[in-house]
Peer 1: 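I'd like to ask you about the structure that follows.
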Amino acid sequence: MNYLSYQNLILDIFLAGRTIVTDHWKSFRSIHRDGYSRLYLVRDGQGQIRVDGQEIILKPGDLVLIPRGHPFQLGEAEGMDHVWIHFDCKTKDGLPLFDLITPPLTPRRAEDREALYITQISEFWNRPEHGEYLNCLPLLNLLLVPYIRDSRSTVPVEDRLGEGHWLFNVLTYLNAHLEEDIQIAGLAGELGCHPTYLSNAFSKKFGLSPRSYVVKRRIEQSQQLLWHSDIPVKEVASQCGFGDIYYFYRCFKKLTGLTPGEYRKGREPYQYEKLMFR
């Protein structure tokens, strides 16, 4: 399998819409890491964001991708009219795409067809009664092609892992069993290696220990549920593999800078304005 191929991607759109920013971007002063990716098209006005510490000025016609898990900050943007999509993207093996590649973070001028695609997604997503939302995923796939084409691998080229490599198998296993009680020692035993060797090798390739990676992915899943559903926080924690609600709160705060309640409250402006196309 080619991990950078877009033909076999599994896409999931959580929310899409059009918003004219009031003052709610200015309230997001702290750095955030979302459990989903964002794609913005600026229609009018100007805005300011910061992604991975890089300051970006958004102008009319700009298309910008904020990959899942990347630290970002929303700055001044009052009056900016933009179309947006919240989505997730995985390989056919269930691996988060943006754990494997880093797409360009700088805005680029949207081609006419790209502006049409993202606008249609935002319109179609809010008209499910007509079945038009079925067209959204193919259009999103087309929008992601340039980002995947121009991306770089998070694994160094000289040390890239091929299909079936045991560490990619470990990564796939962890993503497939996030809600379970994963025992690294047991997993290492099945692979015929020492837990310390497994942890060190995994950390060297992916930048996190297996245990830290599992916590990170669980928090990202909880972010998706908190932002895009009304499931109670305790149930969100349970569904994402946290048996201890207090441990969940500590991990969430550490990774996002917010409590689960504070994070969920941040969605309110988008809930109120997401149906502008109707």
Peer 1: For this output row, return yes or no: ring centroids of Phe206 and Phe168 closer than 6.0 angstrom.
Peer 2: yes
Peer 1: Calculate, to the nearest 0.5 Å, the distance between atoms CD1 and CG belonging to Ile57 and Asp62 respectively.
Peer 2: 10.0 Å
Peer 1: Is the Phe14-Trp227 ring centre distance short of 6.0 angstrom?
Peer 2: no
Peer 1: Donor-acceptor check, side chain of Glu114 to backbone of Glu111, threshold 3.5 angstrom: yes or no?
Peer 2: yes
Peer 1: May I ask you to decide if Leu226's main-chain N or O and Arg264's side chain share a donor-acceptor pair within less than 3.5 Å?
Peer 2: yes
Peer 1: Quick one: does any side-chain atom of Ser203 pair with a main-chain N or O of Asn200 as donor and acceptor, under 3.5 Å?
Peer 2: no
Peer 1: Check for me whether Arg218 meets the cation-pi criterion with Phe248, that is, NZ or CZ under 6.0 Å from the six-membered ring centre and within 45 degrees of the ring axis.
Peer 2: no
Peer 1: Can you tell me how far CD of Gln221 sits from CD of Gln239, rounded to the nearest 0.5 angstrom?
Peer 2: 9.5 Å
Peer 1: Take Arg18 and Arg43 through the test side chain to side chain contact (heavy atoms under 4.5 Å, CB included) and record every step on the way to the result.
Peer 2: CA-CA 9 Å; Arg18 174 185 166 199; Arg43 294 165 54 97; 3.4 Å; yes
Peer 1: Going by distance alone, is a donor N or O of one side chain under 3.5 Å from an acceptor N or O of the other, for Ser122 and Trp84?
Peer 2: no
Peer 1: Within the distance-only criterion (no hydrogens, no angle test), does the side chain of Thr19 pair as donor or acceptor with the backbone N or O of Val21 below 3.5 angstrom?
Peer 2: no
Peer 1: Does Arg217 use its side chain to pair, donor to acceptor, with the backbone of Pro96 at less than 3.5 Å?
Peer 2: no
Peer 1: Using a distance-only test with no angle check, is there a side-chain donor-acceptor pair under 3.5 angstrom linking Ser209 and Ser212?
Peer 2: yes
Peer 1: Within this structure, what is the CG-SG distance for the pair Leu95 and Cys89, rounded to the nearest 0.5 Å?
Peer 2: 11.5 Å
Peer 1: Got a donor-acceptor contact below 3.5 angstrom from the Ser199 side chain to the Pro195 backbone?
Peer 2: no
Peer 1: What distance separates Phe252 CZ from Glu220 CD, expressed to the nearest 0.5 Å?
Peer 2: 10.5 Å
Peer 1: Which label fits His82 and Tyr40: parallel for a plane angle under 30°, tilted from 30 to 60°, or perpendicular past 60°?
Peer 2: perpendicular
Peer 1: With a 4.5 Å cut-off on side-chain heavy atoms, are Trp125 and Gln120 touching?
Peer 2: no
Peer 1: Is Arg68 salt-bridged to Asp99, cutoff N-O under 4.0 Å?
Peer 2: yes
Peer 1: To the nearest 0.5 Å, how far apart are CG in Leu65 and NE2 in His70?
Peer 2: 8.5 Å
Peer 1: Taking atom types as modelled, is there a side-chain donor on Tyr117 or Asn141 under 3.5 Å from an acceptor on the other?
Peer 2: no
Peer 1: Check whether Glu179 reaches the backbone of Cys240 with its side chain - one donor and one acceptor, N or O, closer than 3.5 Å.
Peer 2: no
Peer 1: Could you give the distance from CD1 (Ile49) to CG (Leu58), rounded to the nearest 0.5 Å?
Peer 2: 4.5 Å
Peer 1: Is Ser151 reaching over with its side chain to a backbone N or O of Ile148, donor-acceptor style, under 3.5 angstrom?
Peer 2: yes
Peer 1: Could you check whether any side-chain heavy atom of Ile56 comes within less than 4.5 Å of a side-chain heavy atom of Thr106, counting everything from C-beta outward?
Peer 2: no
Peer 1: Flag the pair Leu171 / Leu100 as yes when at least one side-chain heavy-atom distance between them is below 4.5 Å, and no otherwise.
Peer 2: yes
Peer 1: Are Phe87 and Tyr36 an aromatic pair, judged by ring center distance below 6.0 Å?
Peer 2: no
